[in-house]
Every structure is written in C-alpha cells, then in structure tokens.
Colleague: 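Quick one: structure below, then a few questions.
Here the structure is a predicted model, which means the values were calculated and not measured. Lettering follows sequence order; numbering is per chain, from 1.
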Protein chains: 2
Amino acid sequence: MGRKLNLEDIAKLAGVSRSTVSRVINGHPNVSPETRRRVLDVIARENFQPNPAARTLVTSRTQVLGIITPQAATSIFTDPYFPTLIQGVTRVANQHDYAVMLWLANTGEDADPLYRRILGSRLMDGVVVASVVDGDPLIPQLIERDFNFVVVGRPTFDNLNYVDVDNRRAARIAVEHLIRLGRRRIGTITGRLDMVAGQDRLNGYKDALLASGLPVEPELIAEGDFSEASGYVGMKALLERGVDGVFAANDVMAISAMRAIREHGLSIPGDIALVGFDDLPMASAVTPALTTVRQPISRLGEMATEALIRLIEGQLSTPYQAILPTQLVIRDSCGAVTRTGR
Amino acid sequence: MGRKLNLEDIAKLAGVSRSTVSRVINGHPNVSPETRRRVLDVIARENFQPNPAARTLVTSRTQVLGIITPQAATSIFTDPYFPTLIQGVTRVANQHDYAVMLWLANTGEDADPLYRRILGSRLMDGVVVASVVDGDPLIPQLIERDFNFVVVGRPTFDNLNYVDVDNRRAARIAVEHLIRLGRRRIGTITGRLDMVAGQDRLNGYKDALLASGLPVEPELIAEGDFSEASGYVGMKALLERGVDGVFAANDVMAISAMRAIREHGLSIPGDIALVGFDDLPMASAVTPALTTVRQPISRLGEMATEALIRLIEGQLSTPYQAILPTQLVIRDSCGAVTRTGR
DNA sequence: GGTGATTTTGAGAGCGCTCCCACAATGGGC
DNA sequence: GCCCATTGTGGGAGCGCTCTCAAAATCACC
C-alpha cells in the first residue's frame, strides 16, 4: 500500500487549502456548502482519516479513555462482573468516538510505578476506575495529578465522581426478605471488607437484623472475599454454627455455598434459605434457582463512561454521583415461591 | 500543577541540548557517562515522561497494541475465557512497555465501519485477534491493509501468525478416554460450528469414534454454541436419544449439561460419563468434579502478544505458528477415578 | 606535537495537524 | 456608489519529539 495521505494531499485533490480541509473535518461552520461537499467527497473516496498523533500533539486531547482496575486478582476474572462492566464502558466510548485502553494493575507492591507510568504519560483523556481496594494509592494519585476520572463504586473520598448502587440498602432489603419468610438465624458470607462494596453489604445485613430486633452475632458473619473458594469455606463455617438463612455478598459465593450446604446433607431452601447478590446469568441456571439482588453492571459502566466524557468535554461542573436502583429477584433458593415448575 | 515540561526544558536544566536528552532517553550509545547521569538525574527529579504523541508523529510507532474480538456476544462474557486471555495479553504488553486498547465489535452488520475506523486510524502498532467467526471481514481487511496481527486460534487463511492448541487432537483424546472406560454410545454437544475451534473439536470427536470402529451417528451430535443455554438444550436432546457418554466442547456447556442430566433423574458418571473442555475454575468446583481438557488460555494470550511484539519490531520473518499442549484432567465426571474423598 | 579517526554534542528540518491572523469576497444600509 | 460588517479561504507558526548532518572535543598513534 502506498504511503498514507495527509491533509495537504486531500486539500490538493479537492482544490482547496489544508485549513479548509481541517475546517470540514472538524465541522467548523464557516465553509461554503459547495466546498464542504467537494472536500467530503475526496475524503470519502480516499478513505482518509486524520493522523491522531498530530492532532493530539496540538490539541493535547487523545480521544482515548482508560479502564483501570487496581487488583486484577484472579477473583476479578472468575466472575463475569468485570467483563460486563468493560462491555458497558467500551460501548459508550465507541459511540462517542473514544478508544479504550485497559490497565490491569497486578499486585500492590509494583502497582505504584505502573500508576506513575499510566498517569504521567499523556495517553488518555480520562479513566474509569473499578474495584478499588482501601488504601490503594491510585485515587490519591489521580487527585494529585488533577486527572479526569470517574469511579465505579462509592469511593472513600468525598466529592469525587462516581456511579454506584446502594449496596447497603439492597443488602438490607435482601436480608429483610429472609426475615419476613420467618428465618431467625441468618448468617452472611461477606465480600472483601477492604472494599467499600463489601463493607456496605455487611452493614446492610446488620441494618436489617437490628431493624427487626434480631441480634447481630459475630459468629454468624463469615468473612469472604467475593471468590468461589471463600464462599465454600465461609459456608462450611456457618454450617458448624447453625443457620437457617444466609446472605452471600455475591452470586459466585452463594453458588459455592450451595455446594457446601448440599454436601452437608441439608436442603435449600428447606433447611437453609439463601440469597445472593449480582444476578449473574448463572444465578438463574443453578438448581434451585438463586434469589439474588440484581444490579445493572453494564449500565454502571455505561453511566460512568458517559459522565467521564462529559467531564473531559467540560460539561460537568459539580461532582457527578449517581446511584442506580437494584432489584431483589425472588427465585427458589429463599423459599418464597410455591414451586410451579419452571 | 504547572504546565508539562518538554525535552527542551530538561535540556536547559541539565545544561545540554535537546538532542542529547533525546539520546539519553532512547538509550543511544554515544553519550558520555557523565552527561548521561546528569540528564537522568534531572529526568528523575522532574518526573519527566516524553510526550507520546510527538514521538508517534515522527516515528509513526505508537507503542500501543490492540485486542479485537469480532463478536462480543453475550456468550463471550459468561465464561472466563476472554478475560483470562486479556489478562495474558496485558501482562506481556505492559512488560514490554506497550499499552493495550480493547475493541469489542458488536454485531455483524455494523462491524465493518468500526473495523475501518480501527484499522484506518494509526492508533496501534498491531493487534491480537480473538474468537473469529468464519466469514467475518476482519481478517481479510487486516491482510489487505498490511496490518500487524496475530490470531488466537487457528484461522482459515494460510500463512498467518497464530497461536492455538490442537483442539482436534485434544478432543480426540478426551473421547478416546470415554471409549476406554467402556462407553459405547457417546454423544457430543458442539461449540459454534462457524468457529474453527468448534469445528476442530467436533472433528476430534469423530476421529476418536472412527479410530475405535464406532459409528458416527448424526443424532448423537447436538449442535451448541458454547453458551450455557445451548449446553442445557443440547443435553436434553441427547437424553431423548440415549447416550452413556458425552463430550461437551466447553466447560460451560458441560456444566449446564450436568443440570439437564440431573433433572432427568440420571447419575454422573454412573449413567452418563461427561467430559468438558477448558478447565475453568468452576470445573473443579462442581459436583461431581468435571473431567476436562485443560488449555493454557492465559499462556495463549501471552504468546500471541510476544509474537506480535516481535512482529512489530521486525524480528519475525516467517509466519509464527505455535501449538500449545493441552492436558486431559481426569476428575469424577467420567467415572475413571475410584472415589477417595476430595 | 601533529595528524587523522572517533566520539560527543548541537542546530535544523520536519512529522501532520490546529489555530490565529490576514486577506478576499460578499452583503447590506444609507 | 461607498463604507463597514460578515462570511469564506489561505498561509504561517508551532505543538514536542526524532533524525540527519555538521561541528567540536577527545583519543590514538607515530
């Protein structure tokens, strides 16, 4: 293939100047309709796309967004949460003519140099930050460098842009559902307690018990980390202590808890009622189908990205803080439904 | 924050010229040790990073790789295959100082303009292509534009760079394992037959039957598409027709097939022996634990990326075609193991 | 100590775009 | 028909780098 064309070449072909071609491409108003058409014809015919590096050099805008997730720990990739989020982000970004860069920061120690590299390079106009762990240096660094960013999940700092669901309230509603069904010894398998979502869901669990006059017993709180393995182990522990209901902080843990319960010879929901969180596709596929809290994961990614783009383009003055609704999806694992076949 | 520094500023601070600073940054040999040290000191002190756009403008190298997947259909995101691949790609890319862009082409129809945009912009030095469907215009376009790319999975075109496992042979070994265990009426739930991996695994299934003198019966071949739902439906069909062994073309389908078998009142492996493909984390978590073919997904991503970088940097002359080994992981679902607890 | 080869350094041009400014062409308004 | 606003167009500068080339400094050798 011959070498790439540039603005000057297009200008020559259309019989105008480089400046006019630039105006046409950038939708500048002061171009006569006749000229505009002629230039557009040439651009289409030659399949011309302006060189983004040259453009970036002068505008210092890249039309690139980033997704950064501080802990690409295995747990992130065993459940479809993260891929779904990415899908939402890329969809909106591409719609608005932004490209998306992906950064998975591996461990805590060597994350810092990577962050410096990411944020110091002028590769992106802004980033969506997901799955932040307390104490991670990413957010402080973003603030310090005055970088454009939107967080998915409520951050521990004030006045930041973020999109989240009301985890605490959603968890409370889920546990109150179990209480309403007559369960009295309700345990929970928590998420990572160094993540705000994990803390919030645990607090929602406590809220529900307290509001109903039930005791919050530490021995009924099994600390998990959102992973398959921790759900299984956590459930084993709760089985030792005796429970008639369990709220798991995500579906992945709920489903491995099911396995633990079954291996223990108990039935769901007969002996133990179970509620999860996320409403992953697998939640409706398991037997019994899992009652769970549906959160709009893909929508979270989309809205975070929309907000980020508005931030970049200077259309966002006050902090953008959106809370999306969740929904308790009642299936079989909580025992509320009289079985009517599927 | 004050405005960003450039080479000239660093040069002034170090008492040298812009050219010398450039040489130091790019590791050019002809710089005196003394000067080099002084410049590096200033760079470190000022936390300087050269402007990538300016660099790209002159070198026409971006230090950015892409991952393109033509069908971001839901199925891709319900199983951890894709995320794991991405992880492998980003790890290697970041090690070599490349950033990674992610492109998820949604449907078949509007993919074409997106491809034009992706390939026409000079945003990336090369791409890793995953999950290609037969007839997708991506690969022809990449070839036509002389774009650097490596495919994950054997493509239908010759002489391309790719990394894959020997799906056909792996499938054959899996099915031969069932035959050796005495199964005689073995069905299969196929993957997408418009993807090479799906075709290869089906052919491996046929190979095994033929080599053992067993008939290949069309009614024992249930066409699936790698999705949860299709595994369930496919298994229902096979149950109608009667089987004593099943090879599912991936673990996601194998696990939903388990559900179908259980709902049908049959036991695994007693009545039906089952083998999957992938060895996802969930394969060892289900009961009975799934016998399956382990493929090194993350390694595929890593090797594809290593090859791509070598291609970009001109160190690859002949087509790079790597076949990674698979391994049949024997667990409980095929009935080969005398149960000894977990 | 002088000569030529070699190493080290600096200045200039140019990558392809946007943006500013100047100029040409048009259009009222009296 | 003249003046001033308005619209359309072109040329120049400059974004921050790399790369080529020439000049300056150093070295090796007799």
Colleague: Considering only heavy atoms from C-beta outward, does the side chain of Lys4(A) approach that of Ser60(B) to under 4.5 Å?
Modeller: no
Colleague: Examine the base of dG8(D) for any acceptor or donor lying under 3.5 Å from a partner atom in the side chain of Arg36(A), and report the outcome as yes or no.
Modeller: no
Colleague: Roughly how many Å is it from CD1 in Ile10(B) to C1' in dC17(D), rounded to a whole number?
Modeller: 13 Å
Colleague: Under a 3.5 Å cutoff, is there a donor and acceptor pairing between the side chains of Gln321(A) and Asp164(A)?
Modeller: no
Colleague: Take atom CG of Leu7(B) and atom P of dA11(C), then tell me their distance rounded to the nearest Å.
Modeller: 14 Å
Colleague: Does the side chain of Ser19(A) get closer than 4.0 angstrom to OP1 or OP2 of dG10(D) through an N or O atom?
Modeller: no
Colleague: Using whole Å, what does the distance between atom P of nucleotide dG14(C) and atom CG of Asn6(A) come to?
Modeller: 14 Å
Colleague: When all nucleic acid strands are considered with a 4.0 Å heavy-atom cut-off, which category describes Thr56(A): base, sugar-phosphate, or nothing?
Modeller: nothing
Colleague: May I have the distance from Arg55(B) (atom CZ) to dC19(D) (atom P), rounded to whole angstrom?
Modeller: 9 Å
Colleague: Of the nucleotides dG14(C), dG10(D), dC17(C), which has the atom closest to the Ser17(A) side chain?
Modeller: dG10(D)
Colleague: Without decimals, in angstroms, what is the distance between Arg61(A) CZ and dG16(D) C1'?
Modeller: 19 Å
Colleague: Within the structure provided, determine whether Leu123(A) and Met101(A) are in side-chain contact (heavy-atom separation under 4.5 Å).
Modeller: yes
Colleague: Report the distance from atom CD of Glu8(A) to atom P of dG10(D), rounded to the nearest whole Å.
Modeller: 11 Å
Colleague: Check the phosphate of dG16(C) against Asn51(A), side-chain N and O only, distance under 4.0 Å to OP1 or OP2. Yes or no?
Modeller: no
Colleague: Would you check, one step at a time, whether the test side chain to side chain contact (heavy atoms under 4.5 Å, CB included) holds for Arg38(A) with Val42(A)?
Modeller: CA-CA 7 Å; Arg38(A) 212 166 62 241; Val42(A) 176; 5.5 Å; no
Colleague: On DNA chain C, compare the nucleotides closest to Thr20(B) and Val21(A); which residue's is nearer the 5' end?
Modeller: Thr20(B)
Colleague: Within the modelled atom types, does a donor on one side and an acceptor on the other bring the side chain of Arg18(A) and the base of dT9(D) under 3.5 Å apart?
Modeller: no
Colleague: Looking at the side chain of Arg23(B), which of dC17(C), dC17(D), dT9(C) is the nearest nucleotide?
Modeller: dT9(C)
Colleague: Answer yes or no: is there a side-chain heavy-atom contact under 4.5 Å between Arg117(B) and Trp103(B)?
Modeller: yes
Colleague: Which residues satisfy the salt bridge (Lys or Arg N to Asp or Glu O under 4.0 Å) test with Arg23(B), sequence neighbours excluded?
Modeller: none
Colleague: In this structure, how many angstroms lie between the P atom of dG16(D) and the CD1 atom of Ile25(B), rounded?
Modeller: 14 Å
Colleague: State whether Thr59(A) places a side-chain N or O below 4.0 Å from either non-bridging phosphate oxygen (OP1 or OP2) of dC17(C).
Modeller: no
Colleague: Quick one, Ser32(A) with Thr35(A), criterion side-chain hydrogen bond (donor to acceptor under 3.5 Å, both in side chains). Give me CA distance, side-chain angles, the key distance, then yes/no.
Modeller: CA-CA 5 Å; Ser32(A) 77; Thr35(A) 310; 2.7 Å; yes
Colleague: Any non-hydrogen side-chain atom of Ile309(B) less than 4.5 Å from a side-chain atom of Leu65(B)?
Modeller: yes
Colleague: Let me check the geometry of the helix from dG1(C)-dC30(D) to dC30(C)-dG1(D). What is the bend angle between the axes at its two ends, five pairs each, to 10°?
Modeller: 30°
Colleague: With the side chain of Val16(A) defined as its heavy atoms from C-beta on, choose the nearest nucleotide among dC17(C), dG14(C), dG10(D).
Modeller: dG10(D)
Colleague: For a quick test of reading the model: is some side-chain N or O of Ser22(B) closer than 4.0 Å to OP1 or OP2 of dC17(D)?
Modeller: no
Colleague: Answer yes or no: does a side-chain N or O of Asn30(A) lie under 4.0 Å from OP1 or OP2 of dG8(D)?
Modeller: yes
Colleague: Roughly, in whole Å, what's the span from NE2 in His28(B) to P in dC21(D)?
Modeller: 13 Å
Colleague: So, does Thr35(B) get its side chain near the phosphate of dT9(C), meaning an N or O under 4.0 Å from OP1 or OP2?
Modeller: yes
Colleague: Which part of the nucleic acid does Ser32(A) contact within heavy-atom distance under 4.0 Å: base, sugar-phosphate only, or nothing?
Modeller: sugar-phosphate
